[in-house]
Amino acid sequence: MTTEVGSESDVKKVPEVQQQTAPASAEPSQEESPSDPEAAASLEPSSPPADGGPKKEKGISRFLPPWLKRQKSQSQDKPGESSAPPKQESVEAVQEEQEEKHGAGAATASTEQTEEEKSIGSADTQPVREEKSEEKEVETKEEEQVIPHEASGLSALKLNKKMKMVVCHVTLLDGSQFSCEVEKRAKGQYLFFQVCEHLNLLEKDYFGLSFKDNAEQRCWLDPTKEIKRQIRNSQWQFAFSVKFYPLDPSQLTEDITRYLLCLQLRQDIASGRLPCSFVTHALLGSYTLQAELGDHDPEEHRLDYISDFQFAPNQTKELEEKVVELHKSHRGMTPAQSDAQFLENAKKLSMYGVDLHHAKDSEGVDIMLGVCANGLLIYKDRLRINRFAWPKILKISYKRSNFYIKIRPGETEQFESTVGFKLPNHRAAKRVWKVCVEHHTFFRLVSPEQPTKTKFLTLGSKFRYSGRTQAQTRQASSLIDRPAPYFQRTSSKRISRSLDGAPVVNVSDYSQAAGAGENGPALELNSDSKSKLRVQGENIYVRHSNLMLEDLDKTQEDVLKHQASISELKRSFMEATPDPMPSQWDKRLTGSPATTLRLQAQGSAEVKPEVNGQPEVVEVVEETVVIEEVVKAKPKSPAPEVPATVETECAAEVKEERSLSSDSDSEEEAEYHAQPPTTTTHNNKKKQEPEEEQEAVLIQQAPPSGIESQPITEAAEPAPSAEEEKPAELPEEEVHADEPLATPDEAPNGHALQAKAPPTLRAAPTEEEEPHIVNGSASRVEAEHLPQVICCSEPPVVKTEMVTISDTFAAQKTEISTKEVPIVHTETKTITYEAAQLDGNGDGEPGVLMTAQTITSESLCTTTTTHITKTLKGGLSETRIEKRIVITGDSDIDHDQALAQAIKEAKEQHPDMSVTRVVVHKETELAEDED
Amino acid sequence: MSGFGSFTHAVVRALPQSLAKEALRTGSLEVDLLKAQEEHDKYVSVLKHRLGLEVVELPADEALPDCVFVEDAAVVCGDTALITRPGAESRRKETEAMKAALTELGLSIVEMTDESATLDGGDVLFTGREFFVGLSMRTNQRGAEILADAFKDYAVSTVPVQDRLHLKSFCSMAGPGLIAIGASEAAQKALKIMQQMSDHNYDKLTLPDDLAANCVYMNLPSKGDSALRLLLQVFEKLKDHMLIPVSNQEKVKVDGALTCCSVLRI
């Protein structure tokens, strides 16, 4: 371990040193970008107490001569010094202290940076940077320190004086502008919440902020990431708009929310994005008039009174006349009623809530991909030529500029098929992918997942939807208990008369009310709630773990199908579906979107659509179970991400456990991690054609006991595992009980566990981790089971990250384990190290490590590291083999195939052992859109 | 959706003498003109008297042997009528009379002027929530696109039709959210596609005979649901008497005429 650390730090340091000089010399701006994230990251997490530090530090550092500073930090971060690494290990206790410093450093650094922009290289710069490096090393910890998201906002505020502020301009739905000053490194959600507050909007989960990227494409601002990194060189100009169009607007709790939705739809209609017939234009227009102007007044309302309104892309006199005619018929309707009517009609439009993206099918034919609440729609011109409901989709992925969906096989089909689409570029592919993930999560998943992770999760991974699901937001809004807020309608500026004579419950401050209500189910209206629910998006891509293995066992045909043409797929798809039994269809139908809708309609109802809706229970499980996208290390947002990864994995594990227990048929799990780029070079970031790496970790276990949960635990041997598992299980059950939303097989469970799990984890294995408990407010006895779960994924590992631009990627990926687990370095620059914790023993019965062996072999494009550990636990010895296979190469390599091969081989080599876990990390060089 | 099947008007067209010899057909059977005439009269009578619709009867045109099948000439939904461009060249002129009649009824007319587009109304299934357009020998993609443009409120999905003349040769709406579908392989395949493409959940009524799956559903305030059954019976009967595919088509067309040329009661 020690040595590992040393090397790790070395690598990083070196680049850093280089960097140091760089900024001073000339291109501050460029240098900054890489380092920015980290600084920011460290900033965010830093708890209030740290704030004092930064100020101080900054002040001091400015005046201190460089050499002095350097000395100060020397011990910790000097590049070549071996002293640094050791320190890290031993200093858990000191950690906090360090953190503070780091925080300070970060602040300083960032400040410095901004300063640098103007004046090149002050003397201070160098030292400061060094300090920064320290931070990185400890970043993980800092993050774990649990700093509620709100805190970030707070800290931002506190740091205001020092931080550079930027004015953001947000175009609201009524066309007005809202300007707001934010700290330069503020995250998206800070701004978003400012806007929501300004609008007095509580049901904000349907909305989002968007901006135009350099290519004039609309991008959603990721609330969990820094604004600056997302918009890049674009202006700080945003638009507040509806992101998820509620299927049934009548279920929104507040009129103000409906009003905003109306505004959005009016825009959509006027711009042509939402096509309507003449009659519909007229009808919707008339409701708009009624809402805005009230009853038609023959005196006051001449024909020209509506000239200010745009009801359609091409508004004709005829249309206006029709609008007026209909307007007259709405006499007596309140604005809120009019809005409601408007929405009732608008929601039926076929393109309502459909987010369109240009694409080509595999034959190069222009098509449109429409992402909506129910799934993915394929259009050719105006015609719908195919549709893939969420339940039909096993996995969503993208690679370069291609976007793929893996389709669940029909009754008669044996294999999944994959449909590929060609997007204009990598960014577009990613955008679609993201939107899919988000929509799937929001509309299809009912349950919250890992609330806890929130803080960690975020940053870099776009791979997760960070908000609440529709079900959650409904539940949350059902708790809204405030008098209907007053708001002014655009044109009339009349005070709205609310329909819902909201039972005015003495709560004068709505925010308070909201807060109170949230206490329950982890649903909060506050900003922090956002983070809690993050991981949901994963379910989508994921699917059954068996997938990978099955592929091997069977054919790789479908793996190769990637390039199949849409039409072909479509054909086969349809043919495959032929269910002998007519009833099958009906079944499926019930299970499909419709069901989901119904369920969702129930508002706060926690019912998980999937479970009920899905025909095959097993499938459901699968869907929930597998979490493919676990982001281990994010290249761009180094510090924050790492922790996030860890968390995620844990979550995944938890889920897996569940699923296994329920299905108990397979012990193998595959996690598909769509990872961002592994690339080491700064330049790579900009590349459109990234290098891709896949890592597969196979963990084989000695004969598993029949116990359900066992499979999950990699470390445990039959007997011991059983024992261990049991305790673990119990807690879980309890958790479920507690979880309002949780359903046994569902994600919810995983969610519930997650929430608590993290804390546990920390506590058990390493002390350093404890601080993280923040989330775990509820930390309970689950500690025991948690460890197990956790162990597998990422045990308390201290991850180190590099600040250096050139090595950013590598740095991020590297994690230094504090545990005894040997670290294996592969040849690959980027190593995602999965420390296989021997300590399934988190439960207090740490096994004794008997032997540990690491073998590395390489071939052209793969590096296989076999890690064998034998542990003695309670008299039982357990052998675990962990294989890490790194497949490196450009996109030409068929990773799936390679992976399949690898897994197959592993199975053949150790027929007597069972594969308990398969983790796949796919690291693809991301284009700049990383943010 | 609640208003689905509420029709007030029907446009039909008389049988030309030329039907027997010149009408297009997939088989080679002879048409008994007298019988056909009889059936047609009965059909119109049902619409008029038993269902109480206001029936517009267009005169036959001997130059247009297939003109009785008015369904193919227009698609009516809401207050918009799309005048089609029939796939069979010999039938293109059938739309003229139809256009005039529909204009008369106050519908806003959309014409299919694109020379590359073809669309037969028999390939258009309107479920009340969305359209399915069969891509057949008579209807092409472009035709479907134009239809989608004409009825922007609704999703328009395309369904390949194989081994049958039209989409509605084996299916139709037998009620709100209820699709009547034939048992043949082609029909079942098409149904699957439709279900796959739809956001909605339809019930289905499977009929052993594809032709039997073609019916007209009406929800008339005065007649209630019985209207449906009544018509179904009528059609069953008609079918029994039909001796040739053309006659079957005729039935299809005829009822198509009903759907096509009925105006939803608002």
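Just so we're on the same page: letters track the sequence lines, and every chain starts at 1. No hydrogens, no waters, no symmetry mates; every other heavy atom, side chains included, goes into these values.
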Test Asn386(A) against Gln196(B) for side chain to side chain donor-acceptor pair (under 3.5 Å), laying out the working first. CA-CA 8 Å; Asn386(A) 211 339; Gln196(B) 142 96 16; 2.9 Å; yes
Can you list the steps and then say if Arg387(A) with Asp199(B) is a salt bridge (Lys or Arg N to Asp or Glu O under 4.0 Å)? CA-CA 9 Å; Arg387(A) 170 178 176 274; Asp199(B) 290 328; 2.6 Å; yes
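With sequence neighbours excluded, the residues that form a salt bridge (charged side-chain N to carboxylate O under 4.0 Å, His left out) with Asp268(A) are Arg273(A). The side-chain hydrogen bond (donor to acceptor under 3.5 Å, both in side chains) search around Lys322(A) returns none, not counting sequence neighbours.
Annotation: the span from Asp153(B) atom CG to Thr280(A) atom OG1 amounts to 3.0 Å, rounded to 0.5 Å. One distance of note links CG of Leu383(A) with CD of Glu145(B); it measures 5.0 Å at 0.5 Å rounding. To the nearest 0.5 Å, the span separating OG on Ser157(B) from CG on Leu377(A) amounts to 8.5 Å.
Within the 4.5 Å cutoff, side-chain heavy atoms of Arg384(A) are placed close to those of Glu130(B). Using a 4.5 Å heavy-atom threshold, the side chains of Arg382(A) and Lys152(B) count as touching.
A 6.0 Å sphere centred on CE of Met368(A) holds more than 12 heavy atoms belonging to other residues, nucleotides or ligands. Heavy atoms of other residues, nucleotides or ligands lying less than 6.0 angstrom from NZ of Lys347(A) number more than 12. Applying the 6.0 Å contact sphere to CD of Glu185(B) captures no more than 12 heavy atoms from other residues, nucleotides or ligands.
For the set Asp149(B), Val159(B), Thr80(B), the entry with the most heavy-atom pairs within less than 4.5 Å of chain A is Asp149(B).
Closest heavy-atom contact between Ala155(B) and Ser350(A): N-CB, 3.1 Å.
Proximity to chain A (any heavy atom under 4.5 Å) is restricted, for Tyr154(B), to the backbone atoms N, CA, C and O.
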